[in-house]
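Below, read A as the first sequence line, B as the second, and so on, with proteins coming before strands; counting in each chain starts at 1. All values below were derived from every heavy atom in this structure, side-chain atoms included, with hydrogens, water molecules and symmetry-related copies excluded. As the structure is a prediction and not an experimental result, all values here were calculated from the model.
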Amino acid sequence: MLDMKVLRADPQRVADALKVKNYQFDVAAFTHLEERRKTLQAQTEQLQNERNTKSKSIGQAKAQGEDIQPLLAAVGDLGERLDTTKKEFAQVQDDLQALVMGIPNLPHESVPLGQDDSDNQQLAVWGTPRVFDFDVLDHVDLTADSGLDFETAAKVTGSRFVVMHGQVARLHRALIQFMLHKHTQTHGYNEVYVPYIANADSFRGTGQLPKFAQDQFKLEHEQELYLVPTAEVPVTNIYRGEILAEAELPVKHVCHTPCFRSEAGSYGRDTRGMLRQHQFEKVELVQLVHPATSWDVLDSLTGHAEAILQDLELPYRSVVLCGGDLGFGAAKTIDLEVWVPGQDTYREVSSCTNFLDFQARRLQARYRSAQGDIELLHTLNGSGLAIGRTLIALLENYQQADGSVSVPDALRPFADDLAQIKP
RNA sequence: GGAGAGGUGUCCGAGUGGCUUAAGGAGCACGCCUGGAAAGCGUGUAUAGGUUAAUCGCCUAUCGAGGGUUCGAAUCCCUCUCUCUCCGCCA
């Protein structure tokens with residue numbers, strides 16, 4: 001959520017900034033609602049004050065044994081007027097809230113202009129894609145006999161799911177262990193385990209609701225519950241409504257969860273293989289930091305994700321997302337894209353984002369400064385990394401002419417010393 | 001699943017319709033006192049919003065959440081939620 005003070009002070013400036021994100025902010029509608037809000041709030045509070053004062057005097061009169069009938073009469077239709085005004089005020093508040101909750105975060109000034117991912121700007125390239133002296137297989141063909149089993153998953157559940165067998169399942173598990181190990185032991189993150197189901201308040205807190213309900217798996221339950229689309233939701237919401245001491249900062253969490261996404265509206269895209277699944281594993285990095293540090297933290301957090309790709313010796317590049325490709329709550333996002341030989345291109349395995357105080361304001365996640373002031377935190381997160389896509393990259397980059405796949409050194413200790421996957 | 005007890009500020013804890021403007025205590029901060037400390041004494045110690053150029057101030061809301069009754073609700077009623085105890089079931 002944006003700062004209401006900023007919105008009120010200069011809505012036109014907000015509208016201009018949001019054009020970078022292809023978002024049309026209706027300044028007139030906002031200003032109109034805000035005017036009504038102001039009037040109605042003043043009226044409501046004035047009536048409440050009147051009621052409180054008069055009620056108190058009734059109490060005092062009663063305590064002194066005086067006749068309270070005239071006082072009761074003086075209250076008259078105050079209650080009714082208050083009721084009407086209150087309802088009107090609540091309605092305007094709801095409308096205004098709905099409007100403001102739907103406004104995306106302002107992009108940082110360094111975010112490049114652009115419509116979609118083709119306008120993203122490359123920042124750096126690491127490693128060189130391997131030159132193969134045989135015909136390259138993609139992960140589907142490579143594991144058709146022994147590893148990834150899409151037919152069975154389709155029988156058990158439906159499309160966009162996978163069953164993994166044997167050594168591929170082991171490698172998949174090893175990737176999770178390896179990443180958790182690296183982030184906790186080398187990068188100083190605290191591991192957390194969290195629920196894979198979260199309530200609507202949590203989804204609103206991190207910005208998945210109200211706007212993106214169609215992307216979520218909603219449970220049939222008496223309470224409004226959803227499967228988590230990323231660990232970002234449960235982990236960041238640990239701090240919803242909390243006030244941390246400045247000395248506790250920065251909070252750094254690493255968390256492995258499955259992620260559930262309905263992928264509504266992506267029917268034709270990435271239908272082959274396990275690039276885009278309804279369920280995938282992810283190791284997520286989440287930080288809650290002092291506002292002054294968040295831009296530095298974005299760089300270091302991205303570096304932590306990059307370290308995984310470097311240890312696995314997978315070629316990748318980093319790109320900064322353009323305005324049109326930037327997420328709802330993001331001020332700036334750096335994507336890491338790993339080389340996928342089967343597609344002869346780079347594909348996203350990590351998305352590292354600085355939300356500034358956008359999520360913190362919805363969450364009311366704050367800290368108390370040394371001076372005793374209470375201020376909003378800044379939140380950041382990034383994949384470190386998406387497991388399924390890393391596995392794809394691993395299989396395809398490390399494939400051999402005979403159809404086997406060698407396991408990179410860094411991963412072997414976590415895979416019971418598995419050195420090679422046989423076809 | 002059944003029965004019961006609860007949820008009050010940073011913490012403990014009082015509070016069954018109006019001197020509650022949430023008592024009292026602990027903790028913390030500052031001041032006085034002291035050679036220094038402890039003790040003692042004093043002052044302060046929530047959040048969100050409104051008003052204001054801003055501070056002070058003033059106003060409104062918040063006692064798990066949401067409704068309701070009432071001139072007036074922490075207190076009474078309803079729904080939900082979480083915690084604890086006992087029974088049952090269970091990995």
Can you tell me, in whole Å, how much space there is between the C1' of B:U62 and that of B:G7?
15 Å
Rounded distance (Å) that lies between atom C1' of B:A46 and atom CZ of A:R366:
10 Å
Measure from the side-chain N and O atoms of A:D325 to the backbone N and O of A:L321, and report whether any donor-acceptor pair falls under 3.5 Å.
no
Using the C1' atom as the point on both nucleotides, what is the distance between B:A54 and B:G44, in whole Å?
23 Å
Taking CD from A:Q97 and P from B:A48, how many angstroms apart are they, rounded to a whole number?
15 Å
Once each nucleotide of nucleotides 60-81 of chain B is scored for protein heavy atoms under 4.0 Å, what B/S/- sequence comes out, 5' to 3'?
BS---------BS--------S
Could you give the NZ-to-P distance, from A:K5 to B:A53, as a whole number of Å?
14 Å
Which value, rounded to the nearest 0.5 Å, describes the distance between A:Q121 atom CD and A:I334 atom CD1?
12.0 Å
If we take the C1' atom in both B:C32 and B:G13, what is their distance in whole Å?
30 Å
At under 4.0 Å between heavy atoms, what does A:R361 touch on the DNA or RNA strands: base, sugar-phosphate, or nothing?
nothing
Expressed as a whole number of angstroms, how long is the span from A:Q364:CD to B:A48:P?
6 Å
By the definition side chain to side chain donor-acceptor pair (under 3.5 Å), identify the one residue from A:N237, A:T379, A:N381 that meets it with A:Q359.
A:T379
Could you give the CD1-to-P distance, from A:I243 to B:U45, as a whole number of Å?
16 Å
Which whole number of Å gives the distance between the P atom of B:G15 and that of B:G67?
28 Å
Rounding to an integer number of Å, can you tell me how far A:D201 CG sits from B:C82 P?
13 Å
On a whole-Å scale, what distance lies between the P atoms belonging to B:A26 and B:C76?
30 Å
I'd like to check A:M274 versus A:L148 (side-chain heavy atoms, cut-off strictly below 4.5 Å). Are they in contact?
yes
Side-chain N or O of A:R8 less than 4.0 angstrom from OP1 or OP2 on B:G50?
yes
Ignoring hydrogens and angles, state whether a donor on the side chain of A:D95 or A:Q91 is under 3.5 Å from an acceptor on the partner side chain.
yes
Between B:A61 and B:G6, how far apart are the two P atoms, rounded to whole Å?
29 Å
Starting from P on B:G49, measure out to CD on A:E34 and report it in whole angstrom.
13 Å
Span that lies between the C1' atom of B:A74 and that of B:C58, in whole angstrom
25 Å
Ignoring hydrogens and angles, state whether a donor on the side chain of A:Y226 or A:E224 is under 3.5 Å from an acceptor on the partner side chain.
yes
Do the side-chain N and O atoms of A:T257 and A:K282 include a donor-acceptor pair separated by under 3.5 angstrom?
no
Which atom pairs, one a donor and one an acceptor, fall under 3.5 Å between side chains of residues 189-196 of chain A and the rest of the protein, sequence neighbours left out?
from	atom 1	to	atom 2	distance (Å)
A:Y189	OH	A:Q287	NE2	2.9
A:Y189	OH	A:H304	ND1	2.7

Is there a side-chain contact between A:E263 and A:D270, using heavy atoms and a 4.5 Å cut-off?
no
Taking the six-membered ring for Trp, are A:H181 and A:F414 ring centroids under 6.0 Å apart?
yes
Parsed dot-bracket for RNA chain B after applying the Watson-Crick and G-U rules with both distances under 3.5 Å and | for other-strand partners is ((((((((.[[[..)..(.....]]]((((((.......))))))((((((.....)))))).[[[[[..)....]]]]])))))))....
C1'-based separation of B:C80 from B:G31 [nearest Å]
49 Å
